[in-house]
Amino acid sequence: MMESILIIEDNQDVSRMLSEFLSESGYQPEAAFSGTDGLIKLREKSYDLVLLDLMLPYKSGDQVLMELRGFSDIPVIVISAKDMVGTKIDLLKLGADDYITKPFDLGEVEARVLSNLRRQSSSKVKEQTLQYRDLVLSKDAKSVLLEGQDLELTAKEYAILQLLMEHPKKVYTKANLYETVWEDEYLGDDNAVKTHISNLRNKLKKASPLEQYIETVWGIGYRMYKE
């Protein structure tokens, strides 16, 4: 499966050049031409990596990075004409993973993209056990323990819980959940998602009556409960 890369760049020539190059290199690029549009796409879909310009309309790259880190740990490579040490340090502190200065060489872009994707992939391989407070999910054993109790979940309930726990700050829409878990096109009927979320919550509640683990973000979707 090709890794998907979101290019947030308002210069259409630069965006087109990056898209064509990444596509030829075996990736699946997608473009956003403003900070606002980029954040909307990142909330609606899961990507493997982001190429982020700093000088963007509506919301700057700094603002995009700050908001993104509130709900996702996706690798971010900043591409900017600003070549100041202080700027790079500030962006790394905000959560950027790498930095490329314009004008750039496409070979360097490819090398940094590959490096960051490998790092992320290696990290995911190591994370075979997910934990959120007293809730522990084992990917190898396909098991879920809550306060030491083994929960009996259906395959769909397990898949939903794993998705939410992998990115606990991310809000998943019903369409996100349906298309990822059911691997089918979402046509607006949310009964299947709502029913499975309700059943999953009931099982979690039965094992731990005083705690909440799945939060409804009204008008958007679901995420792990934010304390």
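The structure displayed is predicted, hence computed values, not measured ones.
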Does [X] share a hydrophobic cluster with [Y], counting links as ILVMFWY side-chain heavy atoms below 4.5 Å and allowing steps through other members?
X: Tyr58; Y: Val64; answer: no
X: Leu42; Y: Phe33; answer: no
X: Ile220; Y: Tyr225; answer: no
X: Met55; Y: Val78; answer: no
X: Ile214; Y: Val136; answer: no

Hey, does [Y] have a side-chain heavy atom less than 4.5 Å from the side chain of [X]?
X: Leu18; Y: Leu106; value: yes
X: Asp105; Y: Val109; value: no
X: Val171; Y: Tyr222; value: no
X: Leu91; Y: Leu65; value: yes
X: Leu54; Y: Asp62; value: yes
X: Val50; Y: Leu52; value: yes
X: Ile5; Y: Asp48; value: no
X: Leu130; Y: Lys139; value: yes

Please name the pair of heavy atoms, one in [X] and one in [Y], separated by the smallest distance, quoted to 0.1 Å.
X: Gln149; Y: Ala207; result: NE2-O, 3.0 Å
X: Leu94; Y: Arg69; result: O-CG, 3.6 Å
X: Phe104; Y: Ile100; result: CB-CG2, 3.6 Å
X: Asp10; Y: Pro57; result: CB-CD, 3.6 Å
X: Glu67; Y: Leu39; result: OE1-CD1, 3.4 Å
X: Thr101; Y: Tyr99; result: OG1-CE2, 3.7 Å

Problem set entry | Stacked cation flag Lys156 on Tyr158, 6.0 angstrom / 45 deg |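 Relative to the ring axis of Tyr158, which defines the angle, Lys156 lies outside at least one limit.
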For this session: Please determine if Arg133 forms a cation-pi arrangement with Tyr213, meaning its NZ or CZ atom is less than 6.0 Å from the six-membered ring centre and no more than 45° off the ring axis.
Result: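 Yes - Arg133 lies over the ring of Tyr213, closer than 6.0 Å to its centre and within 45° of its axis.
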Once you round to the nearest 0.5 Å, how far does [atom1] of [X] lie from [atom2] of [Y]?
X: Glu157; Y: Asn199; atom1: CD; atom2: CG; value: 5.5 Å
X: Leu56; Y: Asp53; atom1: CG; atom2: CG; value: 5.0 Å
X: Met224; Y: Tyr132; atom1: CE; atom2: OH; value: 6.0 Å

Do any N or O atoms from the side chain of [X] and from the backbone of [Y] form a donor-acceptor pair under 3.5 angstrom?
X: Ser72; Y: Leu68; value: no
X: Ser208; Y: Leu204; value: no
X: Lys205; Y: Pro209; value: yes

Exercise. Can you check salt bridge (charged side-chain N to carboxylate O under 4.0 Å, His left out) on Lys203 and Glu152, steps first, answer last?
Worked result: CA-CA 8 Å; Lys203 291 178 181 180; Glu152 293 186 9; over 6 Å; no
Exercise. Can you check salt bridge (charged side-chain N to carboxylate O under 4.0 Å, His left out) on Asp90 and Lys93, steps first, answer last?
Worked result: CA-CA 5 Å; Asp90 289 343; Lys93 287 181 178 178; 5.1 Å; no
For this session: Starting from the C-alpha separation in whole Å, work towards a yes-or-no answer on salt bridge (charged side-chain N to carboxylate O under 4.0 Å, His left out) for Lys174 and Glu179.
Result: CA-CA 9 Å; Lys174 296 182 180 72; Glu179 291 178 357; over 6 Å; no
Exercise. So Asp73 and Lys169, salt bridge (charged side-chain N to carboxylate O under 4.0 Å, His left out) or not? Walk me through it.
Worked result: CA-CA 9 Å; Asp73 58 359; Lys169 294 180 180 179; over 6 Å; no
Exercise. Stepwise, does the side-chain contact (heavy atoms from CB on, under 4.5 Å) test hold for Lys41 with Leu6?
Worked result: CA-CA 8 Å; Lys41 289 180 180 293; Leu6 180 63; 3.8 Å; yes
For this session: Can you label the angle between the His196 ring and the Trp182 ring as parallel, tilted or perpendicular, going by 30° and 60°?
Result: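 Perpendicular, since the angle between the ring planes exceeds 60°.
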For this session: Take Leu145 and Asp134, measure what side-chain contact (heavy atoms from CB on, under 4.5 Å) needs, and give me the verdict at the end.
Result: CA-CA 8 Å; Leu145 294 175; Asp134 294 327; over 6 Å; no
Using only heavy-atom distances, determine whether the side chains of [X] and [Y] contain a donor-acceptor pair under 3.5 Å.
X: Asn116; Y: Asp97; result: no
X: Asp37; Y: Ser34; result: no
X: Gln162; Y: Glu166; result: yes
X: Tyr47; Y: Glu30; result: yes
X: Gln28; Y: Ser4; result: no

For this session: Please step through side-chain contact (heavy atoms from CB on, under 4.5 Å) for the pair Ser46 and His167, ending with a clear verdict.
Result: CA-CA 10 Å; Ser46 293; His167 304 283; 5.6 Å; no
Problem set entry | Partner residues of Arg201 under the salt bridge (charged side-chain N to carboxylate O under 4.0 Å, His left out) criterion, sequence neighbours left out |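 Testing Arg201 for salt bridge (charged side-chain N to carboxylate O under 4.0 Å, His left out), a comparison that skips the adjacent residues, returns none.
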Problem set entry | Salt-bridge contact Glu108-Arg112 (side-chain N to carboxylate O under 4.0 Å) |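 Salt bridge: yes.
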